[in-house]
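Written out below as structure tokens is the structure these notes cover.
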Amino acid sequence: QLQPVESGGGLAQPGGSLRLSCAASGFTLEHHAIGWFRQAPGKEREGVACIVSSDGSPYYADSVKGRFTLSRDNGKETVYLQMNSLKPEDTGVYYCAAVPSRFVNENTCFKAPEYDFWGQGTQVTVSR
């Protein structure tokens, strides 16, 4: 089964940082686009950051731009989401998703329906 595996969630105070990891399970990430999504209770799942290819530039939602950084270790098997200057509104379950790169581009990589393979999610809570 092709499934990303997220880790690194937890509790952070406003202004704090967390680093999420997304590891491949049963596949290699080299030829896959990776998206990070989050969902809070009662909210729709929203795209946070994505990268289409290992040699491309990450893209970020306006709400996290300048605070979050997606990195992909030169096409290796782990993708990271460094989250700095966390806000309470960043709270939610964060998901890593993958899809073959050829099926997405910079205009579609934030759209959850484009992704075929999803991790189980990791909880991020930002609170005093």
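The model shown is predicted, which means the values in this text are computed figures rather than measured ones. Basis for what follows: all heavy atoms, side chains included, without hydrogens, waters or symmetry-related copies.
Inter-residue side-chain proximity for T69 and P58 is flagged as unmet; no heavy-atom pair is nearer than 4.5 Å. Looking at heavy atoms from C-beta onward, T108 lies out of side-chain contact with F103 at the 4.5 angstrom threshold. Residues F37 and V48 form no side-chain contact, since every pair of their non-hydrogen atoms from C-beta on lies 4.5 Å or further apart. Under the 4.5 Å side-chain criterion, counting only non-hydrogen atoms from C-beta, F117 is not in contact with V99. Between M83 and Y94 there is a side-chain heavy-atom pair separated by less than 4.5 Å. Looking at heavy atoms from C-beta onward, W36 lies out of side-chain contact with C50 at the 4.5 angstrom threshold. Here the side chains of L70 and V79 are in contact, with some heavy-atom distance below 4.5 Å.
S17 OG to Q82 CD: the interatomic distance, rounded to the nearest 0.5 Å, is 5.5 Å. Put simply, CG on N84 and CZ on F68 are 8.5 Å apart, with the number rounded to the nearest 0.5 Å. The distance from the CG atom of D116 to the NE2 atom of H32 is 8.0 Å, given to the nearest 0.5 Å. Between atom CZ of residue R19 and atom OG of residue S7 there is a gap of 10.0 Å, rounded to the nearest 0.5 Å. Separating the CD1 atom in I51 from the SG atom in C109 is a distance of 9.0 Å, to the nearest 0.5 Å.
Of all heavy-atom pairs between L18 and G8, the closest is CD2-O, 4.0 Å. Considering every non-hydrogen atom in both V52 and V104, the closest pair reads CG1-O, 3.7 Å. Counting all heavy atoms, side chain and backbone alike, P4 lies closest to C22 at CB-SG, 3.6 Å. Residues A33 and S101 come closest through the heavy atom pair N-OG, 3.2 Å.
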Under 3.5 Å, which donor-acceptor pairs do the side chains of residues 118-128 form with other protein atoms, sequence neighbours left out?
from : atom 1 : to   : atom 2 : distance (Å)
W118 : NE1    : Y115 : O      : 3.3
Q120 : NE2    : E6   : O      : 3.2
T122 : OG1    : G9   : N      : 3.1
Q123 : NE2    : T125 : OG1    : 3.3

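The backbone N or O of S85 sits less than 3.5 Å from a side-chain atom of R67, completing a donor-acceptor pair.
With Y95 as the aromatic partner, R38 does not meet the cation-pi criteria of under 6.0 angstrom to the ring centre and within 45 degrees of the ring axis.
No salt bridge links D90 with K87; every basic N to acidic carboxylate O contact stays at or beyond 4.0 Å.
Heavy atoms of other residues, nucleotides or ligands lying less than 6.0 angstrom from CD of E44 number 12 at most.
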